[in-house]
Amino acid sequence: MAIWQYNVSLIPLINFDKNYLEFIKQEDSDYLKSTECFWNETFVNKNEIELKIDEFITDQKSISNNFLYWKGDTSNFYDNDCSIGFDENDNINFFNFRFDLRNEINIIQSIDLLIEIAQEYHLKFTNVKYVFFEAEKELFIENIHQSNGFKFLEDPEKFLENL
């Protein structure tokens, strides 16, 4: 992940409290915790969401038996990525989105797309620091402002000094 990207996972609201208890039992490591436990007993089909992502990230797309991956245009500050894992019935079991913070239009369009998807499919967000938040634009923007990517772009020297 590039420092100028903001990384967010989408997770279902249904059974959140129960699934959160499973989530926090995961051991800490150098890698992100798995969010697949939040998708237990949730049936969100990937097909309609896939079409929405196809319209937004048009540069590269890779498909396997149980995984979709999109990569945006890195040369024009549209360095967006999306990953969706799914089961044999096309139900999502993993949903992650990263977007480029160097382009204001891209930020606005990414936030709008993700909030639209989250509201339509009853999802919420978690960032790489495991801060969970609802699908509200103000909360999303506040969360971006607290991210390392935003802090780096705002003042790279200060960011590096504080490491």
Side-chain angles (χ1 to χ4, degrees), residues 1-54 56-57 59-72 74 78-101 106-107 110-137 139-152 163:
M1 180 175 115
I3 189 66
W4 54 77
Q5 286 181 312
Y6 175 78
N7 189 350
V8 65
S9 291
L10 289 87
I11 56 173
L13 289 167
I14 190 169
N15 296 325
F16 175 80
D17 292 335
K18 180 179 117 182
N19 294 329
Y20 179 76
L21 295 174
E22 185 179 335
F23 176 77
I24 60 173
K25 290 179 186 174
Q26 294 180 52
E27 290 185 32
D28 289 332
S29 74
D30 292 337
Y31 302 101
L32 292 175
K33 291 182 180 184
S34 171
T35 56
E36 288 184 30
C37 60
F38 288 105
W39 294 91
N40 293 338
E41 301 172 32
T42 304
F43 306 99
V44 177
N45 189 284
K46 69 160 178 69
N47 296 326
E48 289 180 21
I49 294 173
E50 179 180 1
L51 295 174
K52 292 176 188 282
I53 304 296
D54 281 345
F56 188 70
I57 304 177
D59 300 294
Q60 297 178 25
K61 181 178 178 184
S62 175
I63 304 171
S64 72
N65 290 340
N66 60 353
F67 200 75
L68 293 166
Y69 178 76
W70 293 262
K71 180 69 179 167
T74 58
Y78 285 93
D79 190 6
N80 304 322
D81 308 297
C82 183
S83 306
I84 296 178
F86 53 93
D87 65 19
E88 62 279 352
N89 296 315
D90 288 344
N91 291 312
I92 296 173
N93 56 28
F94 173 81
F95 191 169
N96 183 266
F97 198 98
R98 297 187 307 211
F99 59 90
D100 199 322
L101 294 173
N106 185 62
I107 295 169
S110 297
I111 291 171
D112 289 346
L113 171 68
L114 292 171
I115 288 175
E116 174 189 325
I117 290 170
Q119 290 176 344
E120 184 174 344
Y121 295 94
H122 309 288
L123 308 173
K124 68 188 313 181
F125 304 104
T126 183
N127 65 20
V128 296
K129 296 177 182 174
Y130 310 118
V131 173
F132 295 85
F133 57 100
E134 303 298 323
E136 297 174 21
K137 195 170 203 165
L139 294 174
F140 210 125
I141 292 168
E142 178 183 317
N143 199 271
I144 290 170
H145 285 194
Q146 296 169 1
S147 72
N148 286 340
F150 183 83
K151 290 175 185 173
F152 174 79
L163 286 180

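Just so you know, these numbers use all the heavy atoms, side chains as well, and skip hydrogens, waters and symmetry mates.
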(request) Would you please name every residue forming a side-chain contact (heavy atoms from CB on, under 4.5 Å) with F23, sequence neighbours left out? (result) Y20, Q26, K33, T35, C37, F38, Y130, F132

(message) If you define the side chain from C-beta out and look only at heavy atoms, does anything of H122 sit under 4.5 Å from I14?
(response) no

(request) State, yes or no, whether a side-chain contact exists between F86 and N45 at a heavy-atom distance under 4.5 Å. (result) no

(request) Check whether any side-chain heavy atom of F95 lies under 4.5 Å from a side-chain heavy atom of I49, and answer yes or no. (result) yes

(request) Any salt bridge (charged side-chain N to carboxylate O under 4.0 Å, His left out) involving residues 41-51? Give me the pairs, sequence neighbours left out, ordered by first then second residue. (result) K18-E41, K46-E50, E50-K61

(request) Please tell me if the side chains of F140 and Y6 come closer than 4.5 Å, counting only heavy atoms from C-beta onward. (result) yes

(request) Could you tell me whether the side chain of I84 reaches within less than 4.5 Å of the side chain of F67, counting heavy atoms only? (result) no

(request) Evaluate the side-chain proximity of E22 to N15: yes if any heavy-atom separation is below 4.5 Å, no if none is. (result) no

(message) Within this structure, what is the CD1-CZ distance for the pair I141 and F150, rounded to the nearest 0.5 Å?
(response) 10.0 Å

(request) Give, for atom CG of N66 and atom CD1 of I92, the distance between the pair rounded to the nearest 0.5 Å. (result) 13.0 Å

(request) Scan for salt bridge (charged side-chain N to carboxylate O under 4.0 Å, His left out) pairs involving residues 115-125, sequence neighbours excluded, and state none if there are none. (result) K52-E116, K52-E120, K124-E134

(request) Heavy atoms only: give me the nearest A118-L10 pair and the separation to one decimal. (result) CB-CD2, 4.4 Å

(request) Locate the shortest heavy-atom distance separating I115 from A135; write the atom from each residue and the value. (result) CG2-O, 3.8 Å

(request) Check step by step if side chain to side chain contact (heavy atoms under 4.5 Å, CB included) holds for N143 and F125. (result) CA-CA 10 Å; N143 199 271; F125 304 104; over 6 Å; no

(message) Using 0.5 Å steps for rounding, measure from the OG1 atom of T126 to the CG atom of L123.
(response) 13.0 Å

(request) Before giving the answer on side chain to side chain contact (heavy atoms under 4.5 Å, CB included), spell out for I107 and L101 the whole-Å C-alpha distance, their side-chain angles and the decisive distance to 0.1 Å. (result) CA-CA 6 Å; I107 295 169; L101 294 173; 4.1 Å; yes

(message) Looking at S147 and H145, would you say the former's side chain and the latter's main chain have a donor-acceptor pair under 3.5 Å?
(response) no

(request) Could you tell me whether the side chains of N89 and N91 share a donor-acceptor contact shorter than 3.5 Å? (result) no

(message) Checking E27 now: which residues fulfil side-chain contact (heavy atoms from CB on, under 4.5 Å) with it, not counting sequence neighbours?
(response) none

(message) Run the side-chain contact (heavy atoms from CB on, under 4.5 Å) test against Q60 and tell me which residues pass, sequence neighbours left out.
(response) K71

(message) Could you tell me if the side chain of S110 sits less than 4.5 Å from the side chain of F56, heavy atoms only?
(response) yes

(request) Find out whether I144 and I111 are in side-chain contact, i.e. whether some heavy atom of one side chain is under 4.5 Å from a heavy atom of the other. (result) yes

(request) State which residue, out of D100, T74, I53, fulfils the side-chain contact (heavy atoms from CB on, under 4.5 Å) condition with N80. (result) D100

(request) Apply side-chain hydrogen bond (donor to acceptor under 3.5 Å, both in side chains) to N96 and list each qualifying residue two or more places apart in sequence or on a separate chain. (result) N7, S9

(request) Return the minimal non-hydrogen interatomic distance between K25 and L21, and the atom names on each side. (result) CG-O, 3.2 Å

(message) Under a plain distance cut-off of 3.5 Å, with no hydrogens placed, do N19 and W39 share a side-chain donor-acceptor pair?
(response) no

